[in-house]
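The basis for the numbers below is simple: all heavy atoms, side chains too, and nothing from hydrogens, waters or symmetry mates. Sequence lines set the chain letters: A, B, ... in the order given, protein chains first and strands last, and positions in each chain run from 1.
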Amino acid sequence: MQTYQAKEIEAKWQRVWAEAGVHRTDPDATKTKFYTLEQFPYPSGEGMHMGHVRVYSIGDVIARFKRMNGYRVLHPMGVDAFGMPAENAAIERGVNPRDWTLNNMKKFREEQERLGISYDWDRYLATCLPDYYRFTQWLFLLFYERGLAYRKKASVNWCPDCATVLANEQVENGKCWRCDAEVTKKELEQWFLKITDYADRLLEGLDRLPRWPERVKTMQRNWIGRSEGAKVTFTLPELNDEPVTVFTTRPDTLYGVTYLVLAPEHPLVERLIAGKEKEEELRAFIEQMKKESEIERTAADAEKVGMDTGAVARHPLTGETVPVWIANYVLMDYGTGAVMGVPAHDERDFQFARKYGLPIRHVIQPRDGELENPLAEAYTGEGVLINSGPFDGMDNREAIRAISDQLAEKEAGGPAVTYRLRDWLISRQRYWGCPIPIVYCDGCGAVPVPKEELPVLLPEDVTFDGKRNPLTTSESFVQTTCPSCGGPARRETDTMDTFIDSSWYFFRYADAKNDRLPFDPERIREWLPVDEYIGGIEHAVLHLLYSRFFTKVLYDAGLVHVDEPFTSLLTQGMVLRDGAKMSKSKGNTVSPLEIIERYGADTARLFILFAAPPERDLEWSDSGVEGCYRFLGRVFRTVMRHEELFRNRPEARPEKGPARDLYRRIHRTIKKVTEDVGERYHFNTAISAIMELMNAINEYPEDADRGTLADALETGVILLAPFAPHLAEELWHAMGHETSVHEQPWPSYDPEMLVEEEVEMAVQINGRVRDKLVVPVTADRETVEQLALNQERIKNHLSGKTVRKVIVVPKKLVNIVAN
RNA sequence: GCCGAAGUGGCGGAAUUGGCAGACGCGCACGACUCAAAAUCGUGUGGUCUUUCGACCAUGUGGGUUCGACUCCCACCUUCGGCACCA
């Protein structure tokens with residue numbers, strides 16, 4: 001008896017498939033396209049981990065299933081290969097970042113190949129290679145031409161450990177997303193992409209993505225942080241009526257303003273305090289607040305501290321003056337960096353006013369009653385305006401509009417929208433990234449490198465000393481000529497955030513070898529959008545927001561016909577062990593290669609798909625893996641035991657008895673697996689259905705119809721093909737087939753076969769199951785009711801009781817209500 | 001604090017539209033095969049009580065709707081995730 005030799009089977013078929021090129025994208029344009037994509041990996045030196053195995057296994061089931069269902073599938077793979085680890089290896093070990101990366105890429109790809117995923121390797125791409133990054137530069141120039149890439153001096157996030165700046169999205173709780181170091185602020189001139197121009201469209205687009213998880217959409221909405229209200233312009237009498245504008249979501253409370261607060265960094269602060277009696281004190285106070293880190297300043301429980309500048313501001317509608325304060329809780333990078341204080345109707349303002357003895361003026365009255373005086377807390381609810389001049393008696397929701405309009409009329413502000421989203425800071429003071437294709441000329445300023453001169457290649461003659469951006473050490477790179485005037489010029493030495501590289505790679509797969517353009521719009525039309533995108537939740541805001549932004553810009557430029565890149569998003573859960581995420585530092589990792597070595601890729605894939613539905617976290621279990629290996633071994637032995645059957649295949653005669661039962665089981669299984677894989681992505685229950693079919697096959701009597709048995713075995717192998725592709729292929733050929741099981745059409749089921757002739761119904765009394773009843777499916781309600789009432793057990797239970805009501809749910813149960 | 005997701009046997013999980021809770025797998029127990037072990041095959045397996053028949057309890061907690069609730073409604077508890085002085 002042969003035994004299941006996973007390693008040999010897998011090596012054999014991987015070789016055969018590669019030689020025949022079976023995973024190349026189907027050229028048959030008459031078929032419906034399906035683009036399924038797993039987030040491409042960063043090829044770290046450690047190679048693949050179980051999280052990778054999980055995404056790829058999920059993607060491969062979908063790809064194979066769609067192919068068998070007659071779709072033309074695009075299923076590509078590549079690497080997100082720029083990034084800091086390569087550079088750190090260069091600093092620590094003196095290796096060349098390119099060689100180091102290429103070596104890791106090769107190892108990574110070999111590991112992926114051993115999983116037997118059906119990728120079209122012809123479309124493989126690596127973001128760090130010039131044939132890719134020249135088009136990253138091309139796209140940067142497109143943004144530049146469209147006014148969406150600009151340079152400005154700003155206070156930016158700086159990670160001291162990574163020695164580079166970071167985008168807002170890459171700072172988590174004041175720490176660097178990569179290395180966890182405390183992020184500080186630095187005043188630097190940097191490149192930004194104008195993602196804020198797309199804030200509303202990025203929000204609106206979310207409403208057209210029903211197949212995205214709600215929580216990812218919520219996270220993006222939170223991040224964008226759209227806030228509707230009004231801008232209100234006060235004036236500063238002592239500075240020649242210089243305007244100072246605040247943003248508020250509650251313009252209806254404008255008559256309740258009793259003070260203004262500016263951020264310590266506000267540009268008017270310097271002029272306001274100059275010459276004031278308490279100037280020295282104020283200056284010291286401002287310095288101290290500026291020194292406090294972002295997190296200290298913005299922690300919810302941080303004490304609100306402020307100081308009166310001694311200056312006053314004039315109210316645009318009443319003409320009254322109110323004091324101007326400076327306080328730590330007002331942030332320069334949100335809204336206008338200045339707020340109006342309405343203590344009666346804002347909790348924060350209330351606290352602040354109480355602490356510093358500022359006046360509190362009620363301007364909103366609840367509809368049912370009066371506010372207590374003095375207030376114990378701010379009243380933030382709805383109501384009617386009071387103490388508000390011409391607006392008295394107006395509903396506050398109406399007043400929001402009326403007061404905004406009045407402000408607009410007086411040219412003192414008007415309706416306004418503010419976002420939490422900031423422009424995307426993309427400069428990085430690092431070597432191993434895509435060079436920004438800009439040249440600085442003393443005469444012409446910042447000049448873009450012409451597209452036909454791309455790529456701007458990364459130089460080799462650089463020094464990695466860990467002290468400065470290595471690019472600045474390359475004379476051959478820095479010294480150049482101005483594309484505009486031909487005079488001497490310097491190159492930009494910052495590289496781009498690697499999230500730019502991954503913001504367009506899904507387009508490149510559609511036309512991966514184009515050497516003229518990033519992609520031909522016709523090829524995009526052929527394949528985009530991505531029908532199913534699979535990846536981790538950690539990119540809910542980062543990669544997924546940036547990619548949506550890029551897509552919208554490319555749409556506006558007429559390069560792509562879609563304005564959302566991913567129709568459906570599947571966020572797979574983490575792989576845990578002992579309840580914690582696998583990580584080297586915790587020492588709870590399981591090596592995919594070791595598992596493949598020991599049990600085979602089919603077992604690894606099957607376990608990871610069987611142990612939990614894809615979106616949920618998955619608890620690793622060694623014995624669970626054993627179980628899946630045993631199952632595959634059982635399938636192998638079962639088919640091999642019946643190998644003879646396929647030499648002289650008898651016609652199936654499933655008319656009666658066990659054959660009919662098995663035949664029904666086949667069709668039920670097809671339905672279950674088709675729906676679970678095709679509609680719900682519940683691979684775990686699909687696998688359990690196949691297990692049940694195999695159990696039924698093993699219980700099938702020796703003397704029952706052989707043809708039906710052969711059908712069952714064949715169907716089982718076909719259904720298993722997307723999950724355990726190597727074993728399925730091996731068994732398919734053992735059954736005497738010449739073609740690949742993966743080219744088989746997906747089986748269809750006969751709906752008539754799903755209808756049983758007899759059904760077992762539960763008989764309940766007052767909702768408790770007391771007996772079972774087997775009836776023909778055709779039996780009508782009355783018959784079923786009578787049968788149920790005449791069951792011995794039921795009669796016993798009913799003795800002494802009166803039947804009040806009988807509910808019959810056809811094919812399910814009978815419930816007798818009695819007391 | 002706000003928003004979101006989830007709580008089901010010893011474990012992973014199933015129950016798709018309000019209709020027999022615990023499919024499938026793991027683990028465990030017993031048995032067959034074996035000199036023995038591994039592998040394999042078979043049987044059983046939510047809890048309590050009961051010799052049996054069976055009865056009762058049970059899907060985080062407490063209520064509600066319903067003939068009937070893991071599923072719907074209300075309140076609460078726990079865990080995880082996101083946002084958080086955002087004006």
ask   = Distance from A:Leu358 atom CG to A:Phe352 atom CZ, nearest 0.5 Å?
value = 6.5 Å

query = Measuring from A:Leu166:CG to A:Asn157:CG, what's the distance to the nearest 0.5 Å?
reply = 6.0 Å

query = Base, sugar-phosphate, or nothing for A:Pro613, non-hydrogen atoms under 4.0 angstrom?
reply = sugar-phosphate

query = NA contact type, A:Asn766, heavy-atom cut-off 4.0 Å: base, sugar-phosphate, or nothing?
reply =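 Since no nucleic acid heavy atom lies under 4.0 Å of A:Asn766, the category is nothing.
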
Expressed as a whole number of angstroms, how long is the span from [X]:[atom1] to [N]:[atom2]?
{"X": "A:Trp620", "N": "B:C11", "atom1": "CH2", "atom2": "C1'", "result": "16 Å"}
{"X": "A:Met332", "N": "B:A87", "atom1": "CE", "atom2": "P", "result": "16 Å"}
{"X": "A:Leu773", "N": "B:G19", "atom1": "CG", "atom2": "P", "result": "20 Å"}
{"X": "A:Glu169", "N": "B:G82", "atom1": "CD", "atom2": "P", "result": "15 Å"}
{"X": "A:Glu214", "N": "B:A6", "atom1": "CD", "atom2": "P", "result": "12 Å"}
{"X": "A:Tyr681", "N": "B:G13", "atom1": "OH", "atom2": "P", "result": "21 Å"}
{"X": "A:Gln764", "N": "B:U66", "atom1": "CD", "atom2": "C1'", "result": "13 Å"}
{"X": "A:Leu331", "N": "B:C86", "atom1": "CG", "atom2": "C1'", "result": "7 Å"}

Watson-Crick or G-U counterpart of [N], or none if no pair lies under 3.5 Å:
{"N": "B:G1", "value": "B:C83"}
{"N": "B:A75", "value": "B:U61"}
{"N": "B:A39", "value": "none"}
{"N": "B:C67", "value": "B:G19"}
{"N": "B:A55", "value": "B:U48"}
{"N": "B:C33", "value": "none"}

Which value, in whole Å, describes the distance between the [atom1] atoms of nucleotides [N] and [M]?
{"N": "B:C80", "M": "B:U71", "atom1": "P", "answer": "24 Å"}
{"N": "B:U8", "M": "B:G13", "atom1": "P", "answer": "9 Å"}
{"N": "B:C67", "M": "B:C28", "atom1": "P", "answer": "47 Å"}
{"N": "B:C57", "M": "B:A21", "atom1": "C1'", "answer": "14 Å"}
{"N": "B:G7", "M": "B:C72", "atom1": "P", "answer": "11 Å"}
{"N": "B:C53", "M": "B:A15", "atom1": "C1'", "answer": "30 Å"}
{"N": "B:U59", "M": "B:C70", "atom1": "C1'", "answer": "5 Å"}
{"N": "B:G1", "M": "B:C76", "atom1": "P", "answer": "12 Å"}

Residues forming a ring-ring contact (aromatic ring centres under 6.0 Å, His included) with A:Phe65, sequence neighbours excluded = A:Trp746

task = Could you list the residues that satisfy ring-ring contact (aromatic ring centres under 6.0 Å, His included) with A:Phe723, not counting sequence neighbours?
result =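 Once residues adjacent in sequence are excluded, A:Phe723 has no partner under the ring-ring contact (aromatic ring centres under 6.0 Å, His included) criterion.
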
Nearest to the side chain of [X] - [options]?
{"X": "A:Arg680", "options": "B:U16, B:A87, B:G19", "result": "B:U16"}
{"X": "A:Ala611", "options": "B:G12, B:G19, B:C67", "result": "B:G12"}
{"X": "A:Ile807", "options": "B:G19, B:U16, B:C85", "result": "B:G19"}
{"X": "A:Val330", "options": "B:A87, B:G68, B:A15", "result": "B:A87"}
{"X": "A:Asn815", "options": "B:G68, B:A14, B:C86", "result": "B:G68"}

query = Do A:Thr3 and A:Gln5 have side-chain N/O donor and acceptor atoms under 3.5 Å apart?
reply = yes

By salt bridge (charged side-chain N to carboxylate O under 4.0 Å, His left out) - contacts of [X] (at least two apart):
{"X": "A:Asp346", "answer": "A:Arg348"}
{"X": "A:Glu228", "answer": "A:Arg226"}
{"X": "A:Glu347", "answer": "none"}
{"X": "A:Lys355", "answer": "A:Glu303"}

ask   = Since syn is defined as within 90° of 0, does B:G4 count as syn or as anti?
value =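 This nucleotide is in anti.
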
message = Does the plane of the ring in A:His315 sit parallel, tilted or perpendicular to the ring in A:Tyr255? Use 30° and 60° as the thresholds.
response = tilted

request  = Determine the interplanar angle of the A:His543 and A:His539 rings, folded into 0 to 90°, and report it as parallel if under 30°, tilted if 30 to 60°, perpendicular if over 60°.
outcome  =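 Perpendicular.
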
query = Checking only heavy atoms, does the side chain of A:Asn222 share a donor-acceptor pair with the base of B:C83 at less than 3.5 Å?
reply = no

key: Side-chain donor/acceptor contact of A:Lys812 with base of B:C20 under 3.5 Å   =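 No.
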
message = If you assign A:Phe247 and A:Ala612 each to the RNA chain B nucleotide with the nearest heavy atom, which residue ends up on the more 5' nucleotide?
response = A:Ala612

ask   = So which one's nearest nucleotide on RNA chain B is more toward 5', A:Val809 or A:Lys672?
value = A:Lys672

Any [X] side-chain nitrogen or oxygen under 4.0 Å from OP1 or OP2 of [N]:
{"X": "A:Arg616", "N": "B:A14", "result": "yes"}
{"X": "A:Arg348", "N": "B:C86", "result": "yes"}
{"X": "A:Lys304", "N": "B:C85", "result": "no"}

inquiry  = Donor-acceptor check, side chain of A:Glu675 to backbone of A:Arg680, threshold 3.5 angstrom: yes or no?
reply    =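 Pair absent, no side-chain N/O of A:Glu675 close to backbone of A:Arg680.
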
Atom pairs under 3.5 Å: protein N/O with N/O of nucleotides 54-56 of chain B:
| from | atom 1 | to | atom 2 | distance (Å) |
| --- | --- | --- | --- | --- |
| B:G54 | OP1 | A:Arg793 | NH2 | 2.6 |
| B:A55 | OP1 | A:Arg770 | NH1 | 3.0 |
| B:A55 | OP1 | A:His797 | NE2 | 3.1 |
| B:C56 | OP2 | A:Arg770 | NH1 | 3.1 |

remark   = Scoring nucleotides 23-28 of chain B by protein non-hydrogen atoms under 4.0 Å (B base, S sugar-phosphate only, - none) yields BBSSS-

For A:Asn222, side-chain contact (heavy atoms from CB on, under 4.5 Å) partners two or more places apart = A:Thr218

